[in-house]
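Naming: A, B, ... by sequence-line order, numbering from 1 per chain. Note that the structure is predicted; figures quoted are calculated from it, not measured.
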Amino acid sequence: MNYNFREIEAKWHKKWAEEGTYKVTEDGDKEKFYVLDMFPYPSGAGLHVGHPLGYIASDVIARYKTHLGYNVLHPMGYDSFGLPAEQYAIQTGQHPAITTEENISRYRQQLEKLGFNYDWSREVRTSSPEYYKWTQWIFIQLYNSWYNEKTNKAESIDALVKAFETNGSYAVDAAIEKEWYKTLDLSQFAFGEYFAGEFTATDWEVMNDEQRELILAHYRLAFLSDTWVNWCEELGTVLANDEIKDGLSERGGHPVEQRLMKQWSLRITAYADRLINDLEKLDWPDSIKEIQRNWIGKSRGASVSFTLENYNDKIEVFTTRPDTIFGVTFMVLAPEHPLVAKITTANNKDEINAYVKQAMARSERDRQSDVKTVTGAFTGAYAKHPFSGDLIPVWIADYVLAGYGTGAIMAVPSGDQRDLHFAGTFDLPVVNIFEGIELTKEAYSEKTGKLQNSGFLSGMTVEKATEEVIRELEAKGIGYGKTNYRLRDAIFSRQRYWGEPFPVYYENGKPKLLSESELPLTLPKVDKYLPTESGEPPLARARREDWPIFKGDAMECNTMPGWAGSSWYFLRYMDPNNKNALVAPEKVDYWGAVDLYMGGAEHATGHLLYSRFWTKFLSDRGVIPFDEPFKKMVNQGMILGRSSIVYRLELNSYMIPGLDDDPNLPSPKSFPEIFVTREIYLDWEKDQKVNEFKYNVEHRLGTLLHELLPEEFQMDLSNTFWEYTFSALHVDVSIVHNDELDIPAFRKWRIDYEDAVFILNENEKYKCGHEIEKMSKRWFNVVTPDSLCEEYGADTLRMYEMFLGPVEQSKPWDTQGISGVHNFLRKFWRLFYNEKGEFDVSEGQASKAAMKTLHKTIKKITEDLERLSWNTVVSACMIAVNELITEKCNNKKVLETMLILVSPYAPHFAEELWEKLGNSTSISKAPWPKYDEAWLKDSEFDYPVSFNGKMRFKLSLSTELSKEEVEKAVLETEDAAKYLEGKSPKKVIVVPKRIVNIVV
RNA sequence: GCCCGGAUGGUGGAAUAGGUAGACACGCAGGACUUAAAAUCCUGUGACCAUUGCGGUCGUGCGGGUUCAAUUCCCGCUCCGGGUACCA
């Protein structure tokens, strides 16, 4: 009987579902193992063969761990809020929930075909109200929390209120904007304009609730503020920094500009330090850790205040090189800096205004692409150097970013290339503060050497001077040591429809939160999924009665970003249907953090950072018992498409001597499309074998002309002159087999190709070229798992994807190669059958050779799975089967054990034969075999014998021999004598059971 | 520019502790079976030289080094991929 994969796979899908084979429950007797796949967004395009790569790898590990006796949680669900469904809704008016539902069911079907051991009863989707109820709940917790710098934890707002009641703000050390009180409307408060952020318990006591709330709002981890945001006009929404690439939106590539808008933000910056430090405990790829480190961008330095001449205001700057302070010869403010308007002198007003206007008009992208040109303008104001007292001019320039540090810098042209460049352009002075360094065009930014021209810092090293100057700044009260982060607070509002509504309403313009019992706040009905005429988000279209709950004067009309739901989904899988809690404590205690996370590296600065942030927050607030979500992570590489190319001949003109001017000659445009085989194209491209290819082509063109030309022109065509080139076009890979074009299918593919003419190779075949590029509809190179399951079966596909190479590497897809794996399964299958096609296995003891093969394979596969080397396991299986065929082994015990070994890769195949062997329980529950060293012991070892490191011959010797005995045995051979050529060896190295090397 | 990865036959890749480079597959070539094709099976397949046989030389991006021995360790480059980019 043949290996009928279609029947087998359908049978087991049904059986597994009916019997609930992969259902998991919390089982305290077993050790848990949590394997997680990166949350897919169910796109309309469905899956191509690249998508399941990580899912297969994790499924193999999940199954392997189950065999080892672990209780394995391996769930799947969907990140189902998002832009594409909404864009589709805008175009068609169809509710995004409908599209989403369709896409999910398509995904589910595709995934089910592959035979994953997901516990589907735990499936979650972020867009279902039962799920986003808890996303909203987490938002409420964030809103009701502040970050205590003393305990280095998020704590409840109630605790903060208690602290204020006892000691006012004095004993509180919170993560909060440095000058938060400046944005406070002080007219509402009793303490008047002297208020500098600190208040007493009495102050607090006399405040009314509204006043208190105004203050508390600045402490909350979820807060409303006017922020410079990345506004994308085309998408009608703001974008987070990680949603922008090269100044354009990641989705769609639309331009992005800076805008000041009132937005909900999350205080991720409070966690910056922990997010960096805890990377050390994670077993993640170094590259991802490095990307996160750079993204958070921790830098140490000092904050320094410069007093302004003639104004009370100060300019505060952040610098990583406070030691270079004596090199400051000017200061630069960002054009958006609040002091610019105030300090600009009358004489400079016009120039400054013009510059600010121009800088604001430039998009982020323009600014970036034009780094070389230095622009700026002088404000006319001067600051005072804190040590020398010298007056230093204050400039504005757009190379200083409003959003980083304080939006102002102290410029040290001798130590910073940009500052030197600026000084050069505007003819500003340069003081060389580095001993023994020649300043020419390059600033000196190394941290070695000694300082000069630096007052009390002269003669010191960078390290010493940094220490000294910070001490001095702190003593004078004009600065302090400071750590700065590149990471910004996370903007949490999106002007979209298809996302989680905020559990927020407004009363007198002040935000109020719904109570937990009112959750979930579901999405209201709207007439269109577009912004309103006045530019408000789509939710503003909902009328009062469209909202399930309407409170206050207005509901919040923004929705949460895509990463809200995906930041905590791994928790919900533990307890997907819990109505009373995000996850029950006993369940989260049992399952704990994810042990193995498979996913792409593209989420390094988005999802992976936000998940870590939320996990830390939930841990701080006692909701979960761990503070890192994913202990170990493996990034799967991309599977690239292998596009097929056909070569079209572009006939520009031709000329028949004597007839060339006749207007009745058919023009090249009336010719059918002409395609040449790859060989001819390559000849043309390389300009080789010119004659041969020319003959091929022009002979063919001549024939064509014969067919097309009216009788009266049928004269001597042999002297026709042709002018042509070729163009390479993509062709659908489904009509190309083994690089050979299926011509009838090609003619049907496009209407214009119906009458196409083909110039073939010497074997009368049309060979296509190929190109490795991203798998995409656009290149007609998409290969779907569905078509491969149909042709070869899921088990073959699973094994082949693993066989391609290390999962973390990107590699091209080659459908050809799949036959090797398919063949392997068929050979394996045949081991269970005799020549007559009857199922036939033998009982009793297997041969020594078969036992050796088996135990060697158990050892190899176990070790490879432990080090997550998925691809080499497949090779090991192939080697084993090849050996068992040679050994003519049909021993039941051996084959049964072999089935367990392949079952993580080919579960349907293994189940079927396992059942045929008489087992009644699923193979997925069978214990993993252990290898027995006794079968692996060799009495002989085939020593490779090298002379000067070059292997010359092999010699089989007993493994019992000592080094000396091996040496003696080798030197006694005729072969050795031959290579020694009568000389005596200088040295003989013997590594037992490895190698013999003779130095001559 | 800066940071991080990578480079092995025609192709995907293997070599886990410095110890036989190219396992296992694909592809290709030849053969068997067949009226024929498909399927299957067998043989060969890094390059070059030799070929009647034995065999020999080179070879893991390039150049050097350490070592009895280097795809593996060290130094200096080249190219490719990813991240980031006026971050003070």
Exercise. So what does A:K298 hit on the nucleic acid, given a heavy-atom distance under 4.0 Å: a base, only sugar-phosphate, or nothing?
Worked result: nothing

Seminar exercise, completed: To the nearest angstrom, the NZ-C1' distance between A:K856 and B:A23 comes to 11 Å

Problem set entry | Euclidean distance for P, B:A29 against B:U78 (whole angstrom) | 41 Å

Exercise. Distance only, no hydrogens: is a donor on one side chain within 3.5 Å (strictly under) of an acceptor on the other, for A:N781 and A:S643?
Worked result: yes

Problem set entry | Donor/acceptor link under 3.5 angstrom from A:K950 side chain onto base of B:U20 | no

For this session: Could you check whether A:K986 gets within reach of a base, just the sugar-phosphate, or nothing at all, counting any heavy atom under 4.0 Å?
Result: nothing

Exercise. Within less than 4.0 Å of OP1 or OP2 of B:U20, is there a side-chain N or O belonging to A:N997?
Worked result: no

Exercise. Is atom CD of A:E940 surrounded by more than 12 heavy atoms (other residues, nucleotides or ligands) closer than 6.0 Å?
Worked result: yes

Seminar exercise, completed: Heavy-atom nearest pair, A:L451 first then A:A465, reads CD1-CB, 3.4 Å

Exercise. Of A:K954 and A:A408, whose nearest nucleotide on RNA chain B comes first from the 5' end?
Worked result: A:K954

Exercise. Above 12 or not: heavy atoms from other molecules or residues under 6.0 Å from CZ of A:R300?
Worked result: no

For this session: Classify the glycosidic conformation of B:A17 as syn or anti, calling it syn when the angle lies within 90° of 0.
Result: syn

For this session: Measure from the side-chain heavy atoms of A:T872 and tell me the nearest of B:A25, B:A14, B:U40.
Result: B:A14

Exercise. So what is the 5' to 3' dot-bracket string for RNA chain B, if pairs are Watson-Crick or G-U wobble with both distances under 3.5 Å, crossing pairs use [ ] and | means the partner sits on another strand?
Worked result: (((((((..(((......[....)))((((((.......))))))((((.....))))..(((((..]....))))))))))))....

Problem set entry | A:M951 side chain, from C-beta outward: closest of B:U20, B:A88, B:A69 | B:U20

Exercise. Whole Å only: how far is the CD1 atom of A:I325 from the C1' atom of B:A88?
Worked result: 13 Å

Problem set entry | Protein-nucleotide distance (A:M638, atom CE; B:G81, atom C1'), rounded to Å | 10 Å

Exercise. Between B:U57 atom C1' and A:N948 atom CG, what is the distance in whole Å?
Worked result: 16 Å

Seminar exercise, completed: Winner on side-chain proximity to A:R826, out of B:U20, B:A39, B:U16, is B:A39

Exercise. How long is the line joining CZ of A:R293 and P of B:G83, in whole Å?
Worked result: 18 Å

Exercise. What is the ring orientation for A:F422 with A:Y399, classed by angle as parallel under 30°, tilted 30 to 60°, or perpendicular over 60°?
Worked result: tilted

Exercise. So which nucleotide from B:C24, B:U16, B:C41 ends up closest to the side chain of A:D864?
Worked result: B:U16

Problem set entry | Closest listed nucleotide, where the reference is the side chain of A:Y404 and the choices are B:A88, B:A23, B:C68 | B:A88

For this session: Classify the glycosidic conformation of B:G46 as syn or anti, calling it syn when the angle lies within 90° of 0.
Result: anti

Nucleotides 7-13 of chain B: which of its N/O atoms have a protein N/O under 3.5 Å away?
unit_1, atom_1, unit_2, atom_2, d
B:G12, O2', A:L804, O, 2.5
B:G13, OP1, A:Q809, OE1, 3.4
B:G13, O3', A:N871, ND2, 3.4

Exercise. Taking atom C1' in both B:G56 and B:C4, what distance in whole Å separates the two?
Worked result: 44 Å

Problem set entry | B:G63 versus B:G81 - spacing of their C1' atoms, nearest Å | 24 Å

Problem set entry | Listed nucleotide nearest any side-chain atom of A:P944, set B:C86, B:G27, B:U20 | B:U20

Exercise. How would you label the contact of A:V991 with the nucleic acid (heavy atoms, under 4.0 Å): base, sugar-phosphate, or nothing?
Worked result: base

Exercise. Which nucleotide in the set B:C87, B:C3, B:A17 lies at the smallest distance from any side-chain heavy atom of A:R418?
Worked result: B:C87

For this session: Indicate whether OP1 or OP2 belonging to B:G27 is found under 4.0 Å from a side-chain N or O atom of A:Q816.
Result: yes

Exercise. For the rings on A:H385 and A:F326, is their centre-to-centre separation under 6.0 Å?
Worked result: yes

For this session: With C1' as the reference atom in both, quote the distance from B:U57 to B:G5 in angstrom, rounded to an integer.
Result: 35 Å

For this session: Check the angle between the aromatic planes of A:Y3 and A:H822 and answer parallel, tilted or perpendicular using the 30° and 60° thresholds.
Result: tilted

Exercise. Looking across every strand, which nucleic acid part, if any, lies under 4.0 Å from A:S299 by heavy atom: base, sugar-phosphate, or nothing?
Worked result: sugar-phosphate

For this session: Mind running side-chain contact (heavy atoms from CB on, under 4.5 Å) on A:R612 and A:L279 for me, showing each step along the way?
Result: CA-CA 10 Å; A:R612 295 183 60 218; A:L279 283 171; 3.3 Å; yes

Problem set entry | Parallel, tilted or perpendicular, as decided by the 30° and 60° cut-offs, for the rings of A:F824 and A:F828 | tilted

For this session: Take atom CD1 of A:I291 and atom P of B:G83, then tell me their distance rounded to the nearest Å.
Result: 7 Å

For this session: Using modelled atom types only, decide if a donor and an acceptor are shared between the side chain of A:Q417 and the backbone of A:A443 within a distance under 3.5 Å.
Result: yes

Exercise. Can you tell which of B:G83, B:A25, B:A39 lies closest to the side chain of A:N882?
Worked result: B:A25

Seminar exercise, completed: Assign each of A:I409 and A:R994 the nucleotide of RNA chain B bearing its closest heavy atom; nearer the 5' end lies the nucleotide of A:R994

Exercise. Say you pick atom P in B:C28 and the same atom in B:U11; how far apart are they, in whole Å?
Worked result: 15 Å

For this session: Pick out which of A:W813, A:Y905, A:Y792, A:W870 makes a ring-ring contact (aromatic ring centres under 6.0 Å, His included) with A:Y800.
Result: A:W813

Exercise. When you measure from the side chain of A:R830, which nucleotide among B:C41, B:C68, B:C86 comes out closest?
Worked result: B:C41

For this session: Return yes when atom NZ of A:K314 has more than 12 non-hydrogen atoms of other residues, nucleotides or ligands closer than 6.0 Å, and no otherwise.
Result: no

For this session: Could you check how far CG of A:L609 sits from P of B:G83, rounded to whole Å?
Result: 16 Å

Exercise. What does A:R952 touch in the nucleic acid at a heavy-atom separation under 4.0 angstrom: a base, only the sugar-phosphate, or nothing?
Worked result: sugar-phosphate

Exercise. Where the side chain of A:S819 is concerned, which of B:A88, B:G27, B:A39 is the nearest nucleotide?
Worked result: B:G27

Seminar exercise, completed: Between the OG1 atom in A:T324 and the CE atom in A:M410, the distance rounded to the nearest 0.5 Å is 4.0 Å

Seminar exercise, completed: In whole angstroms, the gap separating C1' of B:C24 from CG of A:L884 amounts to 16 Å

For this session: For B:G61 and B:U72, measure between their C1' atoms and round to the nearest Å.
Result: 16 Å

For this session: Between B:C80 and B:A25, how far apart are the P atoms? Round to whole Å, please.
Result: 35 Å

Problem set entry | B:G12 and B:A7, which share atom name C1', separated by this distance in whole Å | 15 Å

